**Q** 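Once you've had a glance at the structure underneath, I'll fire off some questions.
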Protein chains: 2
Amino acid sequence: MTVPPPQQAIDFCATMTDEQDEFAREMLERVSARWPLRTLQILQAAGGPLRFSRVLERVGGISQKVLTQTLRMLERDGLITRTLYPQVPPRVEYELTPLGYELLLQTVPLWHWIIEHLPAFTAARHEAAKR
Amino acid sequence: MTVPPPQQAIDFCATMTDEQDEFAREMLERVSARWPLRTLQILQAAGGPLRFSRVLERVGGISQKVLTQTLRMLERDGLITRTLYPQVPPRVEYELTPLGYELLLQTVPLWHWIIEHLPAFTAARHEAAKR
DNA sequence: CCGAATCCAATTGGATACTG
DNA sequence: CAGTATCCAATTGGATTCGG
């Protein structure tokens with residue numbers, strides 16, 4: 001694997017104010033909960049606006065209630081937009097914002113790393129199970 | 001900010017098997033839950049083994065029960081080691097593994113990005129609150 | 001000291017029914 | 001169609017007590 005970057009890269013965490021630290025961890029927690037990242041990914045893959053029903057289908061396994069909550073949260077944080085077309089029946093479209101896209105990109109290295117190390121995790125668990 | 005990297009970087013998600021995808025997301029979820037990352041960070045900052053009580057103090061706000069669960073999980077995944085010294089009273093030390101350190105490093109860019117964009121999130125929420 | 005066990009409060013999530 | 005509202009089951013987390 002690669003040589004670990006300097007300690008400094010992590011130590012900067014200590015330079016944050018408590019307020020920053022709390023808010024940052026709140027965002028990290030939020031974004032990496034069960035559905036938000038997947039939802040963003042679906043919207044990214046769509047390459048354009050997606051109706052509520054389509055998102056519901058593609059995310060898969062999520063309930064309608066939780067999807068609504070997730071979308072509201074992502075909208076609130078400026079990661080997606082919500083557009084209501086006042087028709088009957090109503091149409092609502094969700095779309096990734098540049099901010100949301102950027103965030104998604106930042107998660108890619110971690111994602112890559114995890115996938116690369118899946119065997120290591122499996123091995124660790126197997127090892128742990130023996131004891 | 002920077003120009004977005006090619007689409008390809010994200011699209012590789014689609015190339016995974018369902019099994020890989022599920023396991024990878026499980027790991028991502030796990031590692032980015034409320035305490036695991038912070039616990040790893042504490043152990044990293046310590047620069048060496050840390051007793052249970054010390055971790056409990058430094059993480060701050062976590063209960064003994066949840067810390068135990070967290071540490072067990074991290075150990076199971078090979079991210080930390082747990083060493084029991086059979087004394088009276090017993091001493092148990094936890095230490096970051098190279099794997100744990102590597103994972104921690106992978107999260108740094110995302111962490112950085114979130115902190116940089118804290119104002120953007122605040123602005124988005126403020127904007128959302130007006131409506 | 002480390003942590004397992006127990007009990008309990010609070011939060012979360014699914015299913016269902018209903019509305020603009 | 002896109003939610004909101006309601007109810008309920010399951011999970012989570014804290015506090016406390018006990019044990020090796």
Side-chain angles (χ1 to χ4, degrees), chain A residues 22 25-40 42-43 46 48-77 79-96 128-129 131, chain B residues 22 25-39 42-43 46 48-77 79-96 128 131:
Chain A
E22 190 182 329
R25 271 192 294 133
E26 188 187 323
M27 287 305 305
L28 188 60
E29 246 184 88
R30 168 165 317 175
V31 105
S32 55
R34 189 165 185 188
W35 302 112
L37 224 49
R38 184 158 186 82
T39 305
L40 291 179
I42 294 298
L43 290 176
L50 226 49
R51 300 187 63 156
F52 183 85
S53 329
R54 305 294 138 257
V55 182
L56 188 62
E57 289 167 7
R58 299 187 192 188
V59 171
I62 193 174
S63 70
Q64 178 261 5
K65 175 175 149 187
V66 175
L67 179 58
T68 301
Q69 291 171 349
T70 303
L71 290 170
R72 288 283 192 275
M73 198 187 64
L74 294 174
E75 186 200 5
R76 193 170 107 92
D77 289 336
L79 301 170
I80 64 173
T81 58
R82 176 180 184 274
T83 310
L84 166 67
Y85 298 90
Q87 310 170 346
V88 178
R91 181 162 62 106
V92 178
E93 288 185 346
Y94 295 92
E95 188 170 15
L96 205 60
R131 278 174 286 121
Chain B
E22 190 182 328
R25 271 192 294 132
E26 188 186 324
M27 287 304 303
L28 187 61
E29 245 184 88
R30 167 166 317 178
V31 105
S32 56
R34 187 165 186 189
W35 302 111
L37 224 50
R38 183 157 188 84
T39 305
I42 294 297
L43 290 175
L50 226 49
R51 299 186 64 156
F52 183 85
S53 330
R54 306 292 138 259
V55 181
L56 188 62
E57 288 167 5
R58 299 188 193 189
V59 171
I62 193 174
S63 70
Q64 175 263 357
K65 176 175 150 186
V66 175
L67 178 59
T68 300
Q69 291 171 348
T70 303
L71 290 170
R72 288 284 192 275
M73 198 186 65
L74 294 174
E75 186 199 5
R76 193 170 110 90
D77 289 336
L79 301 171
I80 64 173
T81 57
R82 176 181 184 274
T83 311
L84 167 66
Y85 298 91
Q87 310 169 347
V88 179
R91 181 162 61 106
V92 178
E93 288 185 346
Y94 295 92
E95 189 171 13
L96 204 62
R131 277 175 286 121

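Quick caveat: nothing in here was measured; it's all calculated off a predicted structure. Order of the sequence lines fixes the chain letters, A, B, ..., with proteins taken first and strands second; residue numbering starts at 1 for each chain.
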**Q** Would you say a side-chain N or O of A:R72 is under 4.0 Å from OP1 or OP2 of D:dT4?
**A** yes
**Q** Once you round it to whole Å, what is the distance between P of D:dG13 and CE of B:M73?
**A** 10 Å
**Q** Without decimals, in angstroms, what is the distance between A:L56 CG and D:dC1 C1'?
**A** 12 Å
**Q** Just call it for B:Y94: base, sugar-phosphate, or nothing, with non-hydrogen atoms closer than 4.0 Å on any strand.
**A** sugar-phosphate
**Q** Give a yes or no on whether the backbone of A:V59 and the side-chain of A:R38 come within a donor-acceptor separation of less than 3.5 Å.
**A** yes
**Q** When every nucleotide of nucleotides 14-20 of chain C is labelled 5' to 3' by its protein contacts under 4.0 Å (heavy atoms), B for base, S for sugar-phosphate only, - for none, what sequence of letters results?
**A** BB----B
**Q** So, OP1 or OP2 of D:dG3: does either fall under 4.0 Å of a side-chain N or O from A:R51?
**A** no
**Q** Show the atom names and distances, to 0.1 Å, of all donor-acceptor pairs under 3.5 Å that link a side chain in residues 61-71 of chain A to residues at least two apart or in another chain.
**A**
residue, atom, partner, partner atom, Å
A:S63, OG, A:V66, N, 3.3
A:T68, OG1, A:Q64, O, 2.9
A:T70, OG1, A:V66, O, 2.8

**Q** Measure from CG on A:L67 to P on D:dT4 and round the result to the nearest Å.
**A** 11 Å
**Q** Indicate, with a heavy-atom threshold strictly under 4.0 Å, whether B:R54 touches base, sugar-phosphate, or nothing.
**A** nothing
**Q** Using whole Å, what does the distance between atom P of nucleotide C:dT12 and atom CZ of A:R30 come to?
**A** 12 Å
**Q** Just to verify, what does B:E26 make a side chain to side chain contact (heavy atoms under 4.5 Å, CB included) with, not counting sequence neighbours?
**A** A:R125, B:F23, B:R30
**Q** Please report, rounded to the nearest Å, how far the C1' atom of D:dT12 is from the CD atom of A:E29.
**A** 13 Å
**Q** Provide, to the nearest angstrom, the distance between the CD atom belonging to B:Q69 and the C1' atom belonging to C:dA5.
**A** 12 Å
**Q** Separation of A:L71 atom CG from D:dT4 atom P, in whole Å?
**A** 11 Å
**Q** Could you tell me which residues satisfy side chain to side chain contact (heavy atoms under 4.5 Å, CB included) with A:S32, sequence neighbours excluded, listed by chain and number?
**A** B:S32
**Q** Who are the salt bridge (charged side-chain N to carboxylate O under 4.0 Å, His left out) partners of A:R25, not counting sequence neighbours?
**A** A:D21
**Q** For A:R91, give me all partners under salt bridge (charged side-chain N to carboxylate O under 4.0 Å, His left out), at least two apart in sequence or on another chain.
**A** A:E93
**Q** Minimum heavy-atom separation for B:R58 and B:A46, please, with both atom names.
**A** NH1-CB, 4.1 Å
